[in-house]
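Have a look at the structure below before the remarks.
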Amino acid sequence: STHLDSTTVSLTSAAEARQQWTHYETITRDLSLSLTEQLRLILAPTLATKMRGDYRTGKRLNIKRIIPYIASQYKRDKIWMRRSVPSKRSYQILLAVDDSKSMLESGSSSLAFETLVMISKSLSMLEVGEICVVGFGEKVKVAHDFETPFSSDAGPKIFQNFGFDQSRTDVTRLVRESIALFRTARQKASSSPTDLWQLQLIISDGVCDSSEHDSIRRLLRTAIEERIMMVFVIVDDVRNKKKGESVLDLKEAKFVKDEILFGSGGC
Amino acid sequence: MADSDELSTRQGQVQVYFTTNSIDIELPEGKRQLLVPTDVRRYGLSQILNSESMLDTPAPIPFDFLINGTFLRTTLDEYLTANGLSSETTLNLQYVRSLIPPLYEASF
Ligand SMILES: [Mg+2]
C-alpha cells in the first residue's frame, strides 16, 4: 500500500482526485454493497411518507373502500388513509476522517480512504439523509457540508481536502466542533426534530493523547444529551504490522511523582 | 468548557520505537513500541527501559539513545522542534549502554 500512501500526500489536481476516488470505489464495491444491505436494517426509515390504513378521518381516500362503503349504506366508513408507515430515512451523518501525519506513518491513510469511500457510498445509496465529511487533526476542516447533496462529483472533491499532514491529533477539538456542526444542522433540518437522528463516525488510527480522555468524556456527555451518537472507528493496517505494533497493543509510560506507570495508550 | 485549562494540563506524548544492536538487551517484539511523555530526556528513557514492564534488569543499566545516528541530549520535545518534526512522528530510538562518565556536578 506504500504507493497509495505517497499519492495521497500530494493531492493536487481534480483529475487525480477523481482517479483516486474511482480506484477506492472499485476496490470497495462488494463491501459497500453488503454494508448497504446491513445498514438498511440498522438505519431504519424514520420519516412516515407512505399512506396506509383504514381510518375514519385522514389525508387521502382509499379507493378500494369506496364501493363497500356505499354498499354498506355508508356504515363501513373507514375509508381514509394516513401517513403512518415510516419509509424515508432522515439522518444527519457526519464522517470525520483523521487527517493527521500519524495516519501516513501507521499506514492507515489508504485504509481510512477505503473506509470513507465504502461508508459514504453505502449511505448515499441508501438515501440516508444528509452527509457531512470533515477532516481533523490540529484543526477541523469541512470537506463536504450537510446541505450539499452527495452527487457523483462530491467524492473526488472531498479527497482534495486531505493531505494527512496535520501535525496534531486533537480529538477534543473535533468532538467540540462536531457538536456545533450538528446543532446548526439540526436547526436547518427540513424534517421535524423528533424524526431527526444524528450520528457521527470518527475514522482514525486511534493514536491520541491520553491526557485528552477527560475532556473528551465531558464532551461526549453533552453529545448524548443532544441525542448525537458518536462512534469511534479505528483503522489499523494489521496485515502489514509486526506483533505489538497495532494500536490495540500500544502501551504508554507515564511519570507520576517520579514513579513510572504503564497503561494502555491511544484513544 | 475550560479551554485554557485543557491546554495547560495537556502533557504531550509521542510514539517511540526502541531498537538496539546488542542482542542481550533486546526487548521482546511486543514491547518495542511505546507512547512516552515528550518532556523526557535520556535519563527518563533509561528509567523506562530498565523498568519491570520493559527490560526488567536486575541492576539498572544506564542507556544512551541515538536518533538518526545522533545522541539525544535534549528532551524529546526539544528534539522534535529542533528537527521540524511533530509528535505525530514515531521516533526510532536506538539504545546503547552509556559510555559517558557520570557528570561532575558539585562536591561538598
Ligand atoms: Mg494522529
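Throughout, protein chains are lettered first and strands after them, A, B, ... in sequence-line order, and every chain is numbered starting at 1.
- Under 3.5 Å, the side chains of B/T20 and B/E26 contain no donor-acceptor pair of N or O atoms.
- If you tally non-hydrogen atom pairs under 4.5 Å between each of A/V207, A/T169, A/L250 and chain B, the highest count goes to A/L250.
- In this structure, A/E177 pairs ionically with A/R173, as a charged nitrogen and a carboxylate oxygen lie closer than 4.0 Å.
- Salt-bridge annotation for A/R239 and A/D237: present, with a side-chain N of the basic residue lying under 4.0 Å from a carboxylate O of the acidic one.
- For chain A, the nearby part of B/V40 is the side chain; its heavy atoms alone come within less than 4.5 Å.
- With a threshold of 4.5 angstrom between heavy atoms, A/S246 does not approach chain B through any atom at all.
- Of the atoms belonging to A/E245, heavy atoms from both backbone and side chain fall under 4.5 Å from chain B.
- With respect to the salt-bridge test (charged N to carboxylate O, under 4.0 angstrom), the residues A/K188 and A/D145 do not qualify.
- Within 6.0 Å of OH on B/Y43 lie no more than 12 heavy atoms contributed by other residues, nucleotides or ligands.
- Contacts of B/S51 with chain A are made by side-chain atoms alone, with heavy-atom separations under 4.5 Å and no backbone atom involved.
- The part of B/Q15 that comes within reach of chain A is its side chain, from C-beta onward, which places non-hydrogen atoms under 4.5 angstrom from that chain.
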